[in-house]
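A short worksheet on the structure shown next.
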Amino acid sequence: MPTPTDQPDHPVVTRFAPSPTGDLHVGGARTALFCWAYARGREGAFVLRIEDTDRKRSSAGAAREAMRDLAWLGLDWDQGPDPAGGERGDHGPYFQSERLPIYETHLERLLEADRAYHAFDTAEELDAKRAAARAQKVAYRYDRAGLEVPRAERLARAAAGEPHVIRFRTPDRPVVITDAVLGEATLPAGEVDDFIIRKADGFPTYHFAVVVDDALMGCSWVFRAQEHFNNTAKHLLLQEALGFDHPTYAHFPLIMNPDGSKMSKRDKDKAVRAEVRQRGIEAPPPDSIDPGTFSAWLSDKKAQLDHDDLVRLAAALDVQLPEINVRDFRRSGYLPEVLCNFLALNGWSPGDDLEKFDNAFLARSFELGRVQKTAARFDRDKLLAFNLDAIQAMSPEAFLDRVRAHGERYHPDFLARLGDRQFELLVESSRERSKTLDELFRTNHWLLEDDERLAWPVTKPVRKAMFKGEPTGLSLLAEVRALLEGTEPFESGHLETALGAWAAEHCEGNLGRIAQPLRIAVTGGPVSPPIFDTLEMLGRERVLRRLDRCLESLSATEEAG
RNA sequence: GGCCCCAUCGUCUAGUCAGGUCCAGGACACCAGGUUUUCAUCCUGGGAACAGGGGUUCGAAUCCCCUUGGGGUCACCA
């Protein structure tokens with residue numbers, strides 16, 4: 001049973017087959033990206049199949065979201081569900097839950113040939129055996145208890161409707177797996193047991209469905225994550241029993257957290273929990289999440305907040321959630337083309353010290369021989385640097401469009417409170433300091449703050465800018481007020497000229513002496529876009545009001561201590 | 001624990017398959033300077049790795065073995 005590593009006569013058909021049990025994980029996204037690239041680079045076809053054989057955990061919503069995420073990444077498929085309705089391709093349906101009769105046909109063949117059998121073990125019996133194996137520190141393998149029931153009886157009991165599963169009768173011999181990236185591996189005989197191929201609820205298991213579908217859909221190349229490597233033996237055996245050709249397998253290295261742990265949705269919960277614990281928080285911040293939910297979560301270390309609550313709580317605590325799923329990266333303001341580029345670099349590289357490229361290049365250049373065998377640790381800092389570079393390379397117009405689209409999706413309230421010109425100015429002045437599309441929404445709350453409620457907490461940089469030096473920033477502020485009142489028009493360029501001249505006279509030409517106190521006065525803190533833009537965004541009236549209140553507030557502070 | 005796989009800077013990686021041009025290259029991060037009205041950017045420079053031990057060979061990051069370390073898997077989940 002040779003597994004072909006090269007199939008010159010086969011058209012290239014790859015597939016991505018997510019299980020719609022939650023958001024699309026970045027690891028899954030990378031698998032999809034590589035599958036897509038391989039097909040696109042070889043005039044092949046890319047199939048999307050939804051593996052929803054787990055009735056309890058699958059949802060149509062998750063499948064829709066996965067398709068939306070793939071589309072966002074720029075990955076299109078030739079065959080599979082069509083998000084607009086219906087499906088593309090001739091080998092559908094592409095939801096496994098709709099293919100039950102097909103699986104039954106092939107199951108029947110196995111049953112008839114006695115290559116599979118009905119088994120009536122209860123879940124409790126199996127659990128007990130597993131626990132026993134664990135206690136003895138040996139690997140659990142199904143003991144074929146089901147085969148002790150004579151075949152005729154098995155058939156009769158199944159026909160009578162007794163609950164059962166169907167198991168594959170695994171041949172007792174070693175299995176050689178040939179993998180296009182890992183090479184050859186031999187699993188010794190007995191390593192693969194009589195695994196279940198149809199569950200008690202009548203649905204096929206992953207192993208059975210994947211083998212049948214890959215064969216029927218003509219998928220000649222199976223790419224997936226390394227966690228599936230050992231499963232390949234089961235699939236190879238099933239293909240033989242069913243008389244199917246073996247596809248070429250390639251297993252990609254896993255993508256791990258920076259600390260080497262598995263990247264999982266739990267990490268987000270952990271990040272928030274760690275922050276809550278570290279700050280000793282005992283009740284949720286006002287307007288975040290339900291106090292009952294919060295305390296139940298806090299008191300149970302194993303509990304996980306649902307995603308929306310987590311996002312709300314993280315926002316209230318100003319905690320950055322680690323991005324795990326594609327939609328997390330989207331929400332954080334990463335560019336899809338950058339995410340693809342970076343994801344491709346985790347596990348593959350084109351060589352020649354080249355690391356910036358687009359999906360078209362990836363499609364042209366991707367080859368299995370250059371795929372890494374070792375797990376990669378996901379470095380968000382480097383991703384961020386890539387995202388920054390891409391943003392800096394964008395035209396101001398393109399950046400404006402993309403930030404606006406991002407804002408409409410994730411910060412509609414922010415957008416609604418700004419005038420067009422105000423928003424454009426904010427975006428323009430933020431571009432060269434933006435690492436993500438989301439950053440300017442997070443760091444410019446001063447713009448939305450009510451003038452009458454703005455406060456000036458005296459932090460170290462504030463003290464330095466306002467109270468130190470001779471004259472102090474605070475006194476310079478009082479002097480510059482008249483200038484601001486008279487500058488016409490109240491616009492960035494004019495303000496720059498006027499304040500520049502004023503600084504030459506009053507600050508020995510050192511603009512910083514007045515810029516920083518001004519920034520603090522009008523924003524409440526030491527960080528904002530360039531000062532002239534900051535002033536224009538606010539407008540004269542608000543600038544003066546904030547200035548007056550600041551003078552009042554900080555003069556009192558200065559006198560007090 | 002059984003079985004399978006893997007191993008180059010802190011991280012992603014080039015170089016490995018066809019041994020010499022590699023006292024190991026790039027990027028991110030880091031450190032030190034510099035530019036800058038804050039922050040961020042930007043510029044210059046720097047430290048930083050072939051896991052260890054045996055072989056094979058004139059010659060090993062590259063081939064072989066062992067040790068160590070890491071990962072995967074052992075579900076009526078995929």
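Computed from a predicted model, the values in this text were never measured in an experiment. The chains referred to below are lettered A, B, ... by the order of the sequence lines, with proteins before strands, and numbering in each begins at 1.
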Legend entry - With A:Phe441 via ring-ring contact (aromatic ring centres under 6.0 Å, His included) - residues at least two apart: A:His411, A:Phe414
Legend entry - Donor-acceptor pair present, A:Lys382 side chain and B:rA27 base, under 3.5 Å: yes
Legend entry - Shortest side-chain distance from A:Arg130, nucleotide among B:rC12, B:rA75, B:rA78: B:rA75
Legend entry - Contact pattern, 5' to 3', of nucleotides 2-7 of chain B - B, S or - by protein heavy atom under 4.0 Å: BSSSSS
Inset, instruction - For a side chain to side chain donor-acceptor pair (under 3.5 Å) with A:Ser332, tell me which candidate from A:Gln320, A:Arg442, A:Glu323 qualifies. - result: A:Glu323
Inset, instruction - Identify whether any heavy atom of A:His251 sits under 4.0 Å from a base atom; if not, whether one sits that close to sugar-phosphate; answer base, sugar-phosphate or nothing. - result: nothing
Legend entry - Straight-line distance of A:Trp77 CH2 to A:Thr14 OG1, nearest 0.5 Å: 13.0 Å
Inset, instruction - Assign A:Phe342 to base, sugar-phosphate, or nothing according to its heavy-atom contacts below 4.0 angstrom with the strands shown. - result: nothing
Inset, instruction - Identify, with sequence neighbours excluded, every residue that meets ring-ring contact (aromatic ring centres under 6.0 Å, His included) alongside A:His118. - result: A:His164
Legend entry - Candidate nucleotides B:rA78, B:rU13, B:rC28, ranked by approach to the side chain of A:Ala385 - the nearest: B:rC28
Inset, instruction - Give A:Glu227 one of three labels, base, sugar-phosphate or nothing, depending on what nucleic acid heavy atoms sit under 4.0 Å from its own. - result: sugar-phosphate
Inset, instruction - For each nucleotide in nucleotides 38-44 of chain B, reading 5' to 3', give B when a protein heavy atom comes within less than 4.0 Å of its base, S when such contact involves only the sugar-phosphate, and - otherwise. - result: BBBS---
Inset, instruction - Quick one: list whatever passes ring-ring contact (aromatic ring centres under 6.0 Å, His included) with A:Phe361, sequence neighbours left out. - result: A:Phe357
Inset, instruction - Using the salt bridge (Lys or Arg N to Asp or Glu O under 4.0 Å) rule, collect all pairs that involve residues 183-194 of chain A, keeping only residues at least two apart or in two chains. - result: A:Arg141-A:Glu191, A:Arg144-A:Asp194
Legend entry - Interatomic distance, A:Gln372 CD vs B:rG71 C1' [rounded to whole Å]: 14 Å
Inset, instruction - Write out all pairs satisfying salt bridge (Lys or Arg N to Asp or Glu O under 4.0 Å) with one or both partners inside residues 504-525 of chain A, taking only residues at least two apart or from two chains. - result: none
Inset, instruction - Take atom P in B:rG45 and the same atom in B:rU38, then report the distance between them in whole Å. - result: 24 Å
Legend entry - salt bridge (Lys or Arg N to Asp or Glu O under 4.0 Å) pairs, two or more places apart, involving residues 527-537 of chain A: A:Arg421-A:Glu536
Legend entry - Complementary nucleotide for B:rG19 - Watson-Crick or wobble, under 3.5 Å: none
Inset, instruction - Determine which nucleotide pairs with B:rC63, using a 3.5 Å limit on both distances of a Watson-Crick or G-U wobble pair. - result: B:rG55
Inset, instruction - With heavy atoms under 4.0 Å as the rule, sort A:Arg370 into base, sugar-phosphate or nothing. - result: sugar-phosphate
Legend entry - Residue matched to B:rG2 through Watson-Crick or wobble contacts both under 3.5 angstrom: B:rU73
Legend entry - Out of B:rU11, B:rG71, B:rA29, whichever nucleotide has its closest atom nearest the side chain of A:Met256: B:rG71
Inset, instruction - With sequence neighbours excluded, tell me which residues meet ring-ring contact (aromatic ring centres under 6.0 Å, His included) with A:Phe490. - result: none
